[in-house]
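Let me begin by presenting the structure, written as structure tokens, before commenting on it.
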Amino acid sequence: MSLAEFLSGLNSVFGIALPMVLFSVLSAVIVILLFAMPLGGMCTYFERKVAADFQERIGPNRVGPIGLFQFFADGIKMILKEDTITKNADRFIFNFAPSLVLAGSLGAFALVPFGKYVIGADLDIGIFYAMALGSLVSLGILLGAWSSDNKWSLLGGMRAAAQIVSYEIPLGIAVLSVITVSGTLSMQGIVSTQAWPVANAVDGGHFWNVFHNPFLMINFLIYFIAALAECNRTPFDLPEAESELVSGFNTEFSGMRFGLYALGEFADVILFACIATAIFLGGWHLPFINFDTLDLGLRVGDTDLTPLFQTILMASVFLAKVAVLVFVVMWIRWTLPRLRVDQLMDLCWKYMIPIGFVNLLGCAVWVWVFKGKSMIQVAGQLLGVY
Amino acid sequence: MLQQFGNALAFVILAAILPIAILTIAKFLRPSYPHAGKLMTYECGEVPKGSAYVMFNNRFYLVAICFLVFDVEVALLFPVMMLFRDSVNSGEGLVVFLLAFGFLFVLLAGLVYEWVKGDIDWVRDFMDRRKALLSEGQYKARLAQKGHS
Amino acid sequence: MLAGLSTNLGLYLGLSAVFFAFGVLTVLTRKNAVGLFMGVELMLNGAALNFVAFQTFRPGTHDSWLHGHVFSLFIIILAAIEAAVALAIVLRVFAARRTIDPDRATELRG
Amino acid sequence: MQLVDFFTLLFMLMGVVSAVLVAFHPNVLYAAVALVFSLLSVAGLYGVLGADFLAAVQLIIYVGGIIVVILFAIMMSENIYRARFRDAAGKFVIPTAVAALLIAGFLKLFHDAKLETRAGLNAIPTTEQMGRALVGPYALVFQYVAIVLLAGLIGAVVVARPHHGNPESEAEKK
């Protein structure tokens with residue numbers, strides 16, 4: 001009874017295609033439990049190390065070789081801390097709100113394209129579904145703040161919800177301009193249109209969307225700023241501003257509940273870095289070389305190992321870009337001061353939305369004039385390369 | 001396509017169950033000595049008075065209303081803008097362009113209206129900043145019209 | 001036992017009927033304006049589900065447009081607009097009357 | 001039995017139970033949370049029926065927009081959030097009878113109609129087709145909805161505006 005027989009025997013249980021079910025549950029477990037959560041934890045450590053370097057101090061180096069296991073220590077401490085639910089808090093909603101917040105941020109990791117065929121769920125409405133899950137986060141924060149029956153957490157929760165809700169519009173406009181250029185909603189489709197342009201290839205890529213046209217560059221900045229605001233990161237972390245609102249909507253959370261919200265925030269930062277890399281910075285594409293046509297010629301026995309190495313190469317290129325973006329987010333945290341509420345709302349409604357719409361119009365005109373070609377392709381044609 | 005939906009659903013279900021699982025695991029591991037002091041809502045050490053649900057600034061509702069309308073606009077533009085590149089290649093790009101941006105500019109008029117009327121100013125009676133734009137006479141007239149001293 | 005559940009049109013129509021009926025029930029029993037509005041939302045969802053079910057089970061024979069899906073898309077959009085206006089009215093009534101119990105906000109005078 | 005049948009049953013049960021809660025729960029806030037679950041179940045059913053774009057639109061506009069607006073409205077009216085008023089059960093008799101009659105009538109109608117079943121749900125992506133419909137036969141409706149949205153936006157903002165000399169600001173001054 002070898003494993004193969006056991007597995008093939010499985011798919012007749014109740015007639016459900018069990019291997020497919022196992023595959024999807026396994027991919028969910030791997031991406032969420034082995035990628036999103038540990039990386040979220042590591043980010044807390046990286047953030048403190050980066051902050052230490054900016055302020056010329058050493059940062060955590062007690063736990064583990066250079067403090068690498070710091071976040072394990074934090075995690076265990078959080079779990080062992082007492083978690084009190086105040087007397088007149090809504091017990092049911094108080095326990096149910098963090099699962100909404102985490103469902104929104106961790107659930108969208110299904111759409112992160114690590115490699116050509118390596119993606120949680122290659123939906124045809126990829127990026128649109130990611131924005132839909134983003135709306136669950138604001139609902140979870142609002143319910144969490146409301147149910148803790150505390151003036152400060154309610155005000156902080158309302159401000160956080162108003163901020164996240166109103167910054168979803170510039171985010172949507174930036175994604176719209178990417179869709180105008182790439183023509184498809186599925187994440188793998190958007191990434192595949194960003195390959196390095198090959199001379200008169202039928203469906204060749206037009207290199208990274210950021211360099212597709214000048215309007216899309218500006219919309220990348222708008223996407224990045226709106227993503228910062230969505231994750232409540234400085235300079236938009238007014239809802240948790242320690243000084244004014246006593247730590248905003250998570251005033252009443254203690255113990256592991258607070259740990260979950262902090263983990264949710266970092267999972268959001270990583271998620272938006274991954275999505276920004278996938279739709280703006282060309283996912284796993286590098287300039288000048290196209291991975292899928294790269295034949296490494298690695299053959300062991302009769303199995304061709306090229307696809308395996310290609311996938312590893314693609315995933316590492318993708319994760320390198322994500323790391324750069326996450327570093328920039330941390331970098332911004334220790335350089336920019338915090339915005340007031342009215343500056344925050346003015347920036348969104350009076351500056352980012354109009355600029356986003358103008359750049360969306362610019363993108364459409366560019367696609368119409370140059371028939372969807374990017375700056376690089378047009379320049380190549382002028383220089384006679386393509 | 002249903003298989004991809006199944007994968008996405010597996011992600012969402014796992015992500016929703018995770019916090020509940022972690023919290024129940026943590027419930028057994030952690031100490032729990034609730035006494036009156038801990039169970040009071042935190043109010044910088046004071047005894048909390050009054051309910052937490054005070055009536056507050058209705059700027060939140062104007063933001064919620066504006067968000068709803070512009071979110072609908074973005075959601076409606078998604079399928080149309082997705083078609084735009086193919087329609088340009090197949091020759092009818094102008095029609096899609098005019099329809100999409102006609103829709104967009106009608107709603108942008110709403111944003112301009114609110115901007116001019118000062119509805120999306122977060123601080124009510126934002127007249128002092130507006131004063132810089134108006135001449136002295138216009139500002140006095142504006143104040144008189146609003147019935148201020 | 002569960003075979004063919006998802007491919008049976010009657011179930012979807014039955015569910016949309018249940019949604020609609022509970023929407024009517026919510027409108028009749030809720031005491032405040034926001035509760036009424038939730039009932040209307042349930043009714044709209046029941047109708048939209050009906051359109052989508054018929055589009056999937058009986059696609060148009062003479063053209064391949066997704067009429068049912070587009071129709072329920074417009075239902076969702078107009079429900080959103082209705083929510084915006086309803087919130088504004090509820091805000092006004094609450095500011096003027098300090099309560100949003102429809103029974104007590106009956107006078108039409110200013 | 002396909003896995004999709006299991007999820008269809010799950011969504012339907014979730015929908016019915018949450019619809020009952022929306023109608024009968026004394027606390028309005030819990031009714032709003034139940035409404036969230038019924039909207040999620042309808043979004044799931046759209047997914048099963050193959051309308052993937054509609055499932056995402058439902059999530060974004062309903063769960064991300066309307067429920068947030070409803071919660072804002074509930075949070076503002078403070079006297080009902082905690083009110084676990086147990087009003088007279090009599091209030092539920094007539095409406096429940098009306099609802100039961102409605103459900104019985106519809107179910108009988110659908111039972112007699114011998115509605116057809118399909119071999120399987122071949123789900124094809126619908127976003128492209130929806131976009132073509134919005135630009136094709138429904139182009140006029142598309143522009144008309146823009147004007148309705150604009151009217152709704154300006155109307156809601158004017159009504160919700162706090163000052164500029166309407167009765168509310170006099171009430172504030174008194």
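Naming convention: chains lettered A, B, ... in sequence-line order (proteins, then strands); numbering from 1 in each chain. What you see is a predicted model, and the numbers here were worked out from it, not measured in a lab.
Within the 4.5 Å cutoff, the side chain of D:L39 has heavy atoms near those of the C:N45 side chain. Within the 4.5 Å cutoff, side-chain heavy atoms of D:F24 are placed close to those of C:L25. Here the side chains of C:F22 and D:V20 are in contact, with some heavy-atom distance below 4.5 Å. Looking at heavy atoms from C-beta onward, C:L66 lies out of side-chain contact with D:F53 at the 4.5 angstrom threshold. Residues D:Y46 and C:L49 are in side-chain contact: their nearest non-hydrogen atoms beyond the backbone lie under 4.5 Å apart.
The structure places CG of D:L35 at 9.0 Å from CZ of C:F37, a figure rounded to the nearest 0.5 Å. Separating the CG atom in D:L45 from the CZ atom in C:F19 is a distance of 7.0 Å, to the nearest 0.5 Å. For the atom pair NE2 (C:H69) and CG (D:D52), the distance works out to 9.0 Å, reported to the nearest 0.5 Å. In this structure, CD1 on D:I61 lies 7.0 Å from CG on C:L73, to the nearest 0.5 angstrom. Here the straight-line distance linking atom CG of D:L21 with atom OG1 of C:T26 works out to 10.5 Å at 0.5 Å rounding.
Residue C:A21 comes nearest to D:L102 through the heavy atom pair CA-CD2, 3.8 Å, listed as atom of the first residue, atom of the second, then distance. Of all heavy-atom pairs spanning D:A73 and C:V34, the tightest one is CB-CG2, 3.9 Å. Looking at every heavy atom in both residues, D:A160 comes nearest to C:A88 through CB-CB, 4.0 Å.
Without hydrogens or angle criteria, C:R30 side chain to D:V22 main chain gives a donor-acceptor distance under 3.5 Å.
With a 4.5 angstrom heavy-atom cutoff, C:L9 touches chain D via backbone and side-chain atoms both. The contact between C:V24 and chain D is made entirely by side chain atoms (from C-beta outward), counting heavy-atom distances below 4.5 Å. Contacts between D:L134 and chain C at a heavy-atom distance below 4.5 Å involve the side chain alone, from C-beta outward. Of the two parts of D:A100, neither the backbone nor the side chain holds a non-hydrogen atom closer than 4.5 Å to a non-hydrogen atom of chain C. Contacts of D:V98 with chain C are made by side-chain atoms alone, with heavy-atom separations under 4.5 Å and no backbone atom involved.
Annotation: maximal heavy-atom pairing with chain D below 4.5 Å, among C:L78, C:N8, C:V52, C:V85, occurs at C:V52. Among D:G155, D:S38, D:S41, D:G65, the residue with the largest count of heavy-atom pairs under 4.5 Å with chain C is D:S38. The choice from D:A151, D:G50, D:A23 that makes the most heavy-atom pairs within less than 4.5 Å of chain C is D:A23. Ranked by heavy-atom pairs under 4.5 Å with chain D, the first of C:G23, C:G39, C:A48 is C:A48. The most heavy-atom pairs under 4.5 Å with chain D, out of C:G35, C:S64, C:A86, come from C:S64. If you tally non-hydrogen atom pairs under 4.5 Å between each of D:L109, D:V157, D:V42 and chain C, the highest count goes to D:V42.
For the side-chain contact (heavy atoms from CB on, under 4.5 Å) criterion with C:I81, the lone passing option out of D:V145, D:L153, D:L150, D:L149 is D:L149.
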Derivation and outcome, side-chain contact (heavy atoms from CB on, under 4.5 Å), residues C:Y12 and D:V48: CA-CA 11 Å; C:Y12 293 106; D:V48 165; 3.4 Å; yes
Could you go through C:Q55 and D:L49, starting from their C-alpha distance and side-chain angles, then the distance that decides it, and tell me whether this counts as side-chain contact (heavy atoms from CB on, under 4.5 Å)? CA-CA 9 Å; C:Q55 171 64 36; D:L49 283 169; over 6 Å; no
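Scanning residues 10-17 of chain D against chain C with a 4.5 Å heavy-atom cutoff picks out D:M12, D:G15, D:V16, ordered by number.
For C:A79, the side-chain contact (heavy atoms from CB on, under 4.5 Å) test picks out C:E41, C:L44, D:Y62, D:I66, with sequence neighbours left out.
Judged by distance alone, the side chains of D:Y138 and C:H67 do bring a donor and an acceptor atom under 3.5 Å apart.
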